[in-house]
Each structure stands twice: as structure tokens, then as C-alpha cells.
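As a basis for the values below, the full set of heavy atoms in this structure was taken, side chains included, without hydrogen atoms, waters or symmetry mates.
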Amino acid sequence: GKRRLALRLLADGATDDDTTVLVSTDSSTAALRAEYESALDDVTPAIGVVDCAGDAYGDPKDNDWTRHVSMPSDLGSVGTAVTELYDTLGTDRAGGVDRLGVLSLTTLGLNATLDQTIRFVHSLTRLVEEREGLAVLTAHASSFEETDLRQIEAFVDGVVYTRDATDGLEVRIDGLG
């Protein structure tokens, strides 16, 4: 549900000139990249992955397409890795859109303080705004106190709430009108 929707939102309208950086907290780099590629419509944007989960496909090694952060609670290193991937992958892609997917903020937030999580979201949204890009961050609302979630939501343009229903995924959108 939620993860697939997030990847589809990121992929919608993507072009060959775009740069997408995905922050993974629960999937291997190869699996997440493949899942995103399957959501694309016959385009090949640059795709980088910040792996905070530990890659299931061997020893974690950084390369032009991947950065590994050993501790999900090290939000500063996650943010630095996102910026490095944008700088590395976006060099020859003039006119493209920078896209960012954080899958999932819940996992990152469980390993950090609320203040650290809020500062992290703020810095990512500023980065995306400066680049006139698009970001999709997923979180499990039940993992945060309502007042804490509202503080995080203050940094985004809109929120898509999802829940599983008997006839599929129910979606409610706030703020993206």
C-alpha cells in the first residue's frame, strides 16, 4: 500500500533528465531501485539510494549510485548522503527534477529524538525546495504522538493519509489542492 503509492507518486511525470534519491530503511538497495524502476513509464532517470538498512546483497560499499549509513539514527549522515547523491548523479542532467523518497521516516524517527527528526525533515524539505524538486516521505501515523506528527507535517505542502480497507487502499489528501 503506502510504499507502492509513495514510489508511484515519485515516478509520476519523471523524465530521463531527473535525479531520484531514495532513502531505504527496510529494503536492500537493489530491491528498492527495482521497485522504483517498475513504477516508471519507460524513462531512465538517475536513481541513487541511501541505504540505512544494511544491504542484503553483500558488503555495503559506496559507489556513484549508493551511499550506506550504518545507523538510521545518524540523520546528519543520511542528509549528507542525500546531498552527495544529488551532486554526483545530477551533474549531466540539466533541466531535470530532483525527487526524494524517504521510506520510512518512522524507522528513522524511532532511532532518533523527536527534535532530531523534525530538524531532519526541515533540512530535507529545504533542500528539495531549493532544488525546486519533489519529496515524498512515508511514516506510520500511529508511531508518532499526534502533536509530534503535526510538527513534522508543518514542513510539508500536503499529507496523503492511507489505510487498508476491505476493498483496497483508502486515501485522504490534505493540503495538496
Would a hydrophobic clustering, with Ile, Leu, Val, Met, Phe, Trp and Tyr connected at side-chain separations under 4.5 Å, put M71 with V50?
no

Look only at the side chain of T88 and the backbone of D64, and say whether a donor-acceptor pair between them is shorter than 3.5 Å.
no

Once side-chain contact (heavy atoms from CB on, under 4.5 Å) is applied, do any residues pair with R3, and if so which ones, sequence neighbours excluded?
L7, D26, S27, L32, E35, L103

V136 and side chain to side chain contact (heavy atoms under 4.5 Å, CB included): which partner among L100, L9, V128, V156?
L9

Would you call Y36 and V49 a side-chain contact if the rule is heavy atoms closer than 4.5 Å?
no

Any idea which heavy atoms bring T138 and A6 closest together, and the distance?
CG2-CB, 3.5 Å

Answer yes if W65 and L85 sit in the same cluster of Ile, Leu, Val, Met, Phe, Trp and Tyr residues linked by side chain heavy atoms under 4.5 Å apart, and no otherwise.
yes

Straight-line distance of R119 CZ to T113 OG1, nearest 0.5 Å:
6.0 Å

Checking D18 side chain against V97 main chain: does a donor-acceptor pair fall under 3.5 Å?
yes

ILVMFWY network linking L75 to I118, side-chain heavy atoms under 4.5 angstrom:
yes

Hey, is the main chain of S104 close enough, under 3.5 Å, to the side chain of T25 for a donor-acceptor pair?
yes

Kindly indicate, with the supporting measurements, whether the criterion side chain to side chain contact (heavy atoms under 4.5 Å, CB included) is fulfilled by L22 and I47.
CA-CA 8 Å; L22 303 169; I47 303 168; 4.1 Å; yes

Contact between V171 and V160 at the side-chain level, heavy atoms closer than 4.5 Å - yes or no?
yes

Please determine whether the number of non-hydrogen atoms from other residues, nucleotides or ligands lying under 6.0 Å from atom CD of E170 exceeds 12.
yes

For the CZ atom of R8 and the OG atom of S38, what is their distance to the nearest 0.5 Å?
10.0 Å

Value rounded to 0.5 Å, distance of OG1 in T106 from NE2 in H140:
5.0 Å

Restricting to non-hydrogen atoms, name the atom on L40 and the atom on A14 that form the minimum distance, rounded to 0.1 Å.
CD2-CB, 3.7 Å

For a 4.5 angstrom cut-off between non-hydrogen side-chain atoms, does L108 reach T117?
no

Nearest 0.5 Å please: distance from the CG atom of D98 over to the CD atom of E129.
13.5 Å

Which heavy atom in A81 sits nearest to a heavy atom in R67, and how many Å separate them?
CB-CB, 3.6 Å

Which residue pairs pass the ring pair (Phe, Tyr, Trp, His ring centres under 6.0 Å) test when at least one of the two sits in residues 114-135, sequence neighbours left out?
H122-F155

Minimum heavy-atom separation for K2 to A139, with atom names?
NZ-O, 3.0 Å

Determine whether L169 and R4 satisfy the following criterion, side chain to side chain contact (heavy atoms under 4.5 Å, CB included), listing intermediate values before the conclusion.
CA-CA 11 Å; L169 190 65; R4 196 167 115 199; over 6 Å; no

Between V78 and C52, is a side chain to side chain contact (heavy atoms under 4.5 Å, CB included) present by the stated rule, with each step listed?
CA-CA 8 Å; V78 174; C52 302; 3.7 Å; yes

d(D174 CG, D157 CG) to nearest 0.5 Å is 13.0 Å

Would you say CG of D41 has more than 12 non-hydrogen atoms from neighbouring residues, nucleotides or ligands within 6.0 angstrom?
no

Please tell me whether V23 and L110 are part of a single hydrophobic cluster in this structure, the criterion being side-chain heavy atoms less than 4.5 Å apart.
no

Check: T44 main-chain N/O paired with D16 side-chain donor or acceptor under 3.5 Å:
yes

Donor-acceptor contacts, no H, no angles, side chain residues 143-151, under 3.5 Å, sequence neighbours left out:
unit_1: R150; atom_1: NH1; unit_2: E153; atom_2: OE1; d: 2.7
unit_1: R150; atom_1: NH1; unit_2: E153; atom_2: OE2; d: 3.1
unit_1: R150; atom_1: NH1; unit_2: Y161; atom_2: OH; d: 3.3

Main chain of Y86, side chain of R131: is a donor-acceptor contact present, judged purely on distance under 3.5 Å?
no

